[in-house]
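Right, one structure below, let's go through it.
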Protein chains: 2
Amino acid sequence: MATKKRTKDEWIAAAVEALAEGGVDAVRVERLARTLGVTKGSFYWHFTDRGTLLSTLVQGWEAGGTQDVIAQVDALGGDARARMRRLWEVTQGDRGLAAELALRDWARRDPEVAARVQRVDDARMGYVRALFVEMHPDADDIEARAMLLYSLLIGNYFIRARHGRRGRPRVLSEAIELLMAAQPS
Amino acid sequence: MATKKRTKDEWIAAAVEALAEGGVDAVRVERLARTLGVTKGSFYWHFTDRGTLLSTLVQGWEAGGTQDVIAQVDALGGDARARMRRLWEVTQGDRGLAAELALRDWARRDPEVAARVQRVDDARMGYVRALFVEMHPDADDIEARAMLLYSLLIGNYFIRARHGRRGRPRVLSEAIELLMAAQPS
DNA sequence: CCCTCTCCATACGGTTGCGTATGGAACGTA
DNA sequence: TACGTTCCATACGCAACCGTATGGAGAGGG
């Protein structure tokens with residue numbers, strides 16, 4: 001099995017894995033080399049230095065982090081409510097979410113990462129906004145609802161509170177239904 | 001000025017500062033020593049090792065991270081709505097919020113930190129829950145609203161989307177008012 | 001068979017950081 | 001003055017990394 005040849009993508013995949021488990025500072029080239037069963041020599045042939053690895057990593061995340069999810073949701077069709085529920089399921093089961101959270105923390109101190117996260121967030125918020133508009137065409141609080149939903153999506157993984165015997169998943173779905181409900185006025 | 005004596009609390013304060021700016025992995029004893037204008041010798045007199053510094057750091061955060069805010073909010077009195085709006089203002093202006101966010105990311109890979117974050121979240125959620133109960137005594141979606149509000153508080157700092165000419169602060173206050181509104185049913 | 005291109009191993013110098021060991025300065029106290 | 005306590009400086013060994021330099025194995029082409 002020990003194919004001693006490692007492609008550029010394999011290095012990036014290993015970097016994403018390390019990012020998800022230990023944050024940016026855990027992405028070390030000599031560690032990745034051990035994981036991949038090779039030495040640094042391989043790395044410095046594929047990349048010029050550690051910075052370019054990290055750079056291409058976030059670049060790839062931006063490229064595939066938005067359209068994949070949206071396409072996956074739209075594939076099944078349905079009305080706005082159905083698609084929003086599906087959006088939730090898709091993003092929750094995502095295996096790469098841990099990496100994304102580490103990446104968001106990383107974005108707080110790296111301008112390039114921050115810029116890419118912003119573009120992804122803009123795209124996703126645009127999609128969520130469109131769903132809410134489809135539900136309530138004449139509502140004036142679309143933006144607030146979209147921000148609440150997206151915050152729930154992200155904050156869910158940074159908040160560790162317990163909810164009694166109700167359970168987190170149940171509370172979350174209740175929250176989504178609340179956001180999709182008609183205007184209170 | 002160069003008081004060459006550094007107390008234990010000064011070391012912790014410097015550690016919090018480093019945590020806020022660069023995450024846990026930026027909390028290095030030799031770096032802190034340079035910042036404080038002393039050498040490692042001072043550190044290893046006050047602490048046994050780096051681990052105990054980090055441990056006492058999160059311990060102090062748990063101790064002061066909850067009651068301070070709640071006391072500050074309750075001090076002015078007012079009804080539940082007024083206190084919730086005040087809760088928002090207080091937490092937003094908090095200078096130590098960057099450290100808390102770094103700490104939450106850290107909690108994803110350190111069980112001790114995770115346990116402390118959970119206790120803090122439970123306490124805060126309890127307070128938010130109580131506010132919502134005071135507003136809507138017979139509502140059955142209290143937990144969902146509390147979770148949404150708390151998610152907004154946290155997610156706000158991890159989300160970098162733009163909101164057109166409306167502006168983030170305005171969207172946030174609209175979201176809070178939406179959560180405080182009566183039940184849609 | 002040789003040559004070249006691709007990919008990786010090995011070895012090196014330099015930096016950063018941890019924890020320890022030991023000495024010393026400042027200061028109060030007997 | 002002699003002495004002990006408190007707090008920090010200095011120096012050391014060790015480990016983990018980074019980036020570079022250089023050589024070498026393997027495959028394909030001529």
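The sequence lines fix the lettering, A, B, ..., with proteins before strands; numbering per chain opens at 1. Fair warning: this is a prediction, and the values are worked out from it, not measured in the lab.
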Just list the side-chain donor-acceptor pairs under 3.5 Å for residues 153-165 of chain B, sequence neighbours left out, or say none.
unit_1: B/N156; atom_1: OD1; unit_2: B/R168; atom_2: NH1; d: 2.6
unit_1: B/N156; atom_1: ND2; unit_2: B/Q92; atom_2: OE1; d: 3.2
unit_1: B/R162; atom_1: NE; unit_2: A/D122; atom_2: OD2; d: 2.9
unit_1: B/R162; atom_1: NH1; unit_2: A/Q118; atom_2: OE1; d: 3.4
unit_1: B/R162; atom_1: NH2; unit_2: A/D122; atom_2: OD2; d: 2.3
unit_1: B/H163; atom_1: ND1; unit_2: A/E143; atom_2: OE2; d: 2.6
unit_1: B/H163; atom_1: NE2; unit_2: B/R168; atom_2: NE; d: 2.7

- Would you say the side-chain atoms of B/Y44 and B/D49 include a donor-acceptor pair closer than 3.5 Å? no
- Task: Only counting residues at least two apart or in another chain, list the ones meeting side chain to side chain contact (heavy atoms under 4.5 Å, CB included) with B/A99.
- Result: B/V16, B/L19, B/A20
- So where does chain B start and stop touching DNA chain C, 5' to 3', when the test is distance under 4.0 Å to a non-hydrogen atom? C/dG17 to C/dT20
- side chain to side chain donor-acceptor pair (under 3.5 Å) partners for B/E100, two or more places apart: B/R104, B/R124
- Could you check which residues of residues 43-51 of chain B get a heavy atom under 4.0 Å from DNA chain D? Sort them by number, please. B/W45, B/H46
- Message: Any residue in residues 7-18 of chain B with a heavy atom nearer than 4.0 angstrom to DNA chain C? Just list them by number, or reply none.
- Response: none
- Send over the distance from A/R31 CZ to D/dC17 C1', rounded to a whole Å. 12 Å
- side chain to side chain contact (heavy atoms under 4.5 Å, CB included) partners for A/V133, two or more places apart: A/I142
- Can you tell me the distance, in whole Å, between the CD atom of B/E30 and the P atom of D/dC8? 16 Å
- Message: Checking A/E89 now: which residues fulfil side chain to side chain contact (heavy atoms under 4.5 Å, CB included) with it, not counting sequence neighbours?
- Response: A/R86
- Item | Summary of salt bridge (Lys or Arg N to Asp or Glu O under 4.0 Å) pairs that have at least one residue in residues 52-81 of chain B, sequence neighbours excluded | B/E62-B/R116, B/E62-B/R119, B/D74-B/R83
- Task: Mind checking side chain to side chain donor-acceptor pair (under 3.5 Å) for A/S173 and listing every partner two or more places apart, or none if nothing turns up?
- Result: none
- ring-ring contact (aromatic ring centres under 6.0 Å, His included) involving A/F43 - partner list, sequence neighbours excluded: A/W11, A/F47
- What is the distance, rounded to the nearest whole Å, between atom CZ of B/R34 and atom P of D/dC8? 17 Å
Let me check something: any side-chain donor-acceptor pairs from residues 31-40 of chain B under 3.5 Å, sequence neighbours excluded? List them with distances.
unit_1: B/T35; atom_1: OG1; unit_2: B/R31; atom_2: O; d: 3.1
unit_1: B/T39; atom_1: OG1; unit_2: B/G41; atom_2: N; d: 3.4

